[in-house]
There are 2 protein chains.
Amino acid sequence: MPGRDPIRLTENRRAVLEELRARHSHPTAEEVHRRVRARLPRISLATVYRSLDYLERHGLVDTVRDTEGRRRYDAAGDEHCHIQCEVCGRVADVRLTDKNCIERLVEESGGYEVTGHRLSFRGRCPECMRGSASALGGEAGGGWVVENETDEV
Amino acid sequence: MPGRDPIRLTENRRAVLEELRARHSHPTAEEVHRRVRARLPRISLATVYRSLDYLERHGLVDTVRDTEGRRRYDAAGDEHCHIQCEVCGRVADVRLTDKNCIERLVEESGGYEVTGHRLSFRGRCPECMRGSASALGGEAGGGWVVENETDEV
DNA sequence: ATAACTGCAAAACGTTTGCGTGTAT
DNA sequence: ATACACGCAAACGTTTTGCAGTTAT
């Protein structure tokens, strides 16, 4: 954890961050690269990785592993879970009011002190339930994992 | 999903499966390979991967991604979540009586039909809370994801 | 005789790193 | 002058695949 040092937002890092903030589609590094290159054609994939890593270390970006083991990125915000439609693949945010109760549930049933959990959902989105076989908009993927840290102390 | 064809358990596949059943430590493929080689010194890593894949496709093995994106394997059993101690690294099972209520919670809050979720915990185990800086028994790792399918219809 | 299984080596994939150059949130 | 950031190419660790030989839940 970088202590109190300022966050240096270079043009590259800013472009990466703004891309993530523009759409919350949880892209892979390569997808970020492809999109950011529209603005900065000379940016390399390695720099995108380094930028994402930097932004994550400074708390501006959250990361997540998908079912294939790829890392996916999102601009950090208030913590929430995700749900991915198994028909069209699109990802949406889920806001649960009382998430922490499930941690307490575990503490009561074992001897553990629970410091964090991960939770994500799969399902069918309203549009796809209406039968419109739909856009297949979301980029690939097949299931989501979202970290929900209680650590961080 | 292989329809009704019989499950062919060769010596290699049986050894892999029995290794997973013997200890529920959620090893990586390489760890499985290392252990199975004690019984079958000539088995290759590729065969272990193919066996794990075969066993998973036939419902005998569950897989999970760890935080580094590696796949981890476990003999399929009644569904449960896991918790990993962040001190000693050991993994334990968590049995929640009323898991499905969280899916219903999401359905009520959005328009989604929820067909599955993933849930896993992190924390400190009873022994490590007693200060015994402990065995560091569990193999590496840093956070767990466990699939909890409601699909499967 | 047939189909499935296996070992080996090589490829593929996502991600990280070393190096030399460029830049100055 | 100094520290950081970057592009490029090569390396890395995990997983998959092509091929040729073997086995037979």
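Below, chains carry the letters A, B, ... as their sequence lines are ordered, and counting in each starts from 1. Basis for what follows: all heavy atoms, side chains included, without hydrogens, waters or symmetry-related copies. What you see is a predicted model, and the numbers here were worked out from it, not measured in a lab.
- Residues E56(A) and D62(A) form no side-chain contact, since every pair of their non-hydrogen atoms from C-beta on lies 4.5 Å or further apart.
- Side chain of R65(B) to backbone of E68(A): a donor-acceptor contact under 3.5 angstrom is found.
- The distance from atom NE2 of H33(A) to atom C1' of dT16(C) is 15 Å, rounded to the nearest whole Å.
- Taking the side chain as every heavy atom from C-beta outward, H58(A) and R8(A) never approach each other to under 4.5 Å.
- In this structure, E11(B) and E30(B) both approach DNA chain D, and ranking their closest nucleotides by distance from the 5' end singles out E30(B).
- At a cut-off of 3.5 Å, with distance as the only test, no side-chain donor of T28(A) or R72(A) sits close to an acceptor on the other residue.
- Atom-to-atom, CZ of R13(B) to P of dG7(C) comes out at 11 Å; the value is rounded to the nearest Å.
- For the side chain to side chain donor-acceptor pair (under 3.5 Å) test, no residue two or more places apart in sequence or in another chain qualifies with R14(A).
- Inter-residue side-chain proximity for D74(B) and V64(B) is flagged as unmet; no heavy-atom pair is nearer than 4.5 Å.
- Under the 4.5 Å side-chain criterion, counting only non-hydrogen atoms from C-beta, D53(A) is not in contact with V61(A).
- Legend: residues meeting side chain to side chain contact (heavy atoms under 4.5 Å, CB included) with Y49(B), ordered by chain and number and at least two apart, are A29(B), L45(B), Y73(B).
- When all heavy atoms are compared, the tightest approach of R35(A) to S25(A) is NH1-OG, 3.3 Å.
- One interatomic measurement links the two molecules: CZ of R57(B) to P of dA4(C), which rounds to 12 Å at whole-angstrom precision.
- If you walk DNA chain D from 5' to 3' and mark each nucleotide with an atom closer than 4.0 Å to a heavy atom of chain B, the marks span dT14(D) to dT25(D).
- No donor-acceptor contact under 3.5 angstrom links the side chains of S51(B) and R13(B), judged on distance only.
- Residue N12(B) has no polar side-chain atom (N or O) positioned under 4.0 Å from OP1 or OP2 of dC5(C).
- Taking atom NE2 on H58(B) and atom C1' on dA4(C), their separation rounds to 12 Å, with Å as the unit.
- Taking atom CD1 of residue I43(B) and atom P of nucleotide dC5(C), one finds them 13 Å apart after rounding to whole Å.
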Using the 3.5 Å cut-off, write out each protein N or O paired with an N or O of nucleotides 20-25 of chain C and the distance between them.
none

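- A salt bridge links R39(A) and E18(A); the closest N-O separation between the charged side-chain nitrogens and carboxylate oxygens is under 4.0 Å.
- L20(B) places none of its side-chain heavy atoms less than 4.5 Å from the side chain of L60(B).
- The stretch residues 46-54 of chain A touches DNA chain C through A46(A), Y49(A), R50(A), each having a heavy atom under 4.0 angstrom from the strand.
- Looking only at distances, a side-chain donor or acceptor of H26(A) sits under 3.5 Å from a matching main-chain atom of H24(A).
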Would you write the dot-bracket representation of DNA chain D, where each base gets (, ), [, ], | or . depending on whether it forms a Watson-Crick or G-U pair under 3.5 Å and with which partner? .|||||||||||||||||||||||.
